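Keep in mind that this is a model prediction, so the values were computed, not measured. Just so you know, these numbers use all the heavy atoms, side chains as well, and skip hydrogens, waters and symmetry mates.
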Amino acid sequence: QVQLVESGGGEVQAGGSLRLSCAASGYTDRRNCMGWFRQAPGKEREGVATIYTAGGSTYYADSVKGRFTISQDNAKNTVFLQMDDLKPEDTAMYYCAAPYGDNGWRTGVPPRRAFAYWGQGTQVTVSS
């Protein structure tokens with residue numbers, strides 16, 4: 001059974017940084033990408049960043065471009081999200097997501113429906 005476990009959330013002041021981690025286990029098929037999503041109260045879950053396993057290409061939502069960096073450690077089956085210059089509008093629950101094998105996407109940040117597995121989420125709160 002595939003499990004995704006996030007860690008690294010917390011509360012920081014605007015301009016601060018946090019590094020989220022997502023440890024994946026139980027995978028038997030090769031997945032083509034991993035993603036980070038976030039959901040603020042009263043809002044829909046939105047894609048933040050995606051990394052494609054083959055080649056390591058990365059894509060970001062416009063709202064976080066230049067501030068967030070997604071990376072992976074394939075040997076440890078872990079994906080990271082480095083978040084710098086955090087803003088109050090980044091406050092949300094952050095989720096790690098993985099597809100069921102290959103979801104067919106090769107570029108961009110896929111929509112929520114392209115991912116089958118989700119972590120429990122880690123809260124990020126940015127105060128002004």
Rounded distance [0.5 Å steps], CE in Met34 versus OG1 in Thr53: 8.0 Å
Is Leu18 linked to Val126 within one hydrophobic cluster, defined over Ile, Leu, Val, Met, Phe, Trp and Tyr using a side-chain heavy-atom separation of less than 4.5 Å? yes
Arg112 and Tyr95, any side-chain heavy atoms less than 4.5 Å apart: no
Using the rule that Ile, Leu, Val, Met, Phe, Trp and Tyr join whenever any side-chain heavy atoms are under 4.5 Å apart, tell me whether Ile70 and Tyr117 fall into a single cluster. yes
Check: Ile51 main-chain N/O paired with Thr58 side-chain donor or acceptor under 3.5 Å: no
Side chain to side chain contact (heavy atoms under 4.5 Å, CB included) between Trp36 and Val79, intermediate numbers included: CA-CA 9 Å; Trp36 283 98; Val79 176; 3.5 Å; yes
Joint hydrophobic cluster, Phe68 plus Val12, side-chain heavy atoms closer than 4.5 Å: yes
If hydrophobic clusters are built from ILVMFWY residues whose side chains come within less than 4.5 Å, do Phe37 and Leu20 share one? no
Okay, side chain of Tyr60, backbone of Gly66: is any donor-acceptor separation there less than 3.5 Å? no
What pair of heavy atoms forms the shortest contact from Gly108 to Tyr52, and how long is it? O-OH, 2.8 Å
Verify same cluster id: Tyr100, Phe115 (apolar side-chain graph, 4.5 Å): no
Any side-chain heavy-atom pair from Asp90 and Arg67 closer than 4.5 angstrom? yes
To the nearest 0.5 Å, what is the distance between CZ on Arg38 and CE on Met93? 14.0 Å
Looking only at atom types and distance, does a side-chain atom of Glu6 sit under 3.5 Å from a main-chain N or O of Gln120, one as donor and one as acceptor? yes
Answer whether the closest heavy-atom distance between the side chains of Tyr59 and Pro110 falls below 4.5 Å. no
Donor-acceptor pairs under 3.5 angstrom involving side-chain atoms of residues 80-89: please list them, not counting sequence neighbours.
{"residue": "Gln82", "atom": "NE2", "partner": "Asp84", "partner atom": "OD1", "Å": "2.9"}
{"residue": "Asp84", "atom": "OD1", "partner": "Ser17", "partner atom": "OG", "Å": "2.8"}

For residues 35-80, which residue pairs qualify under disulfide (SG to SG under 2.5 Å), counting only residues two or more places apart or in two chains? none
Do Asn103 and Cys33 make a side-chain contact, defined as non-hydrogen atoms from C-beta onward lying under 4.5 Å apart? yes
Rounded at 0.5 Å granularity, tell me how far CD in Gln72 sits from SG in Cys22. 11.5 Å
Using atom types as modelled and distance alone, determine if a side-chain donor or acceptor of Asn32 lies under 3.5 Å from a backbone N or O of Ala54. no
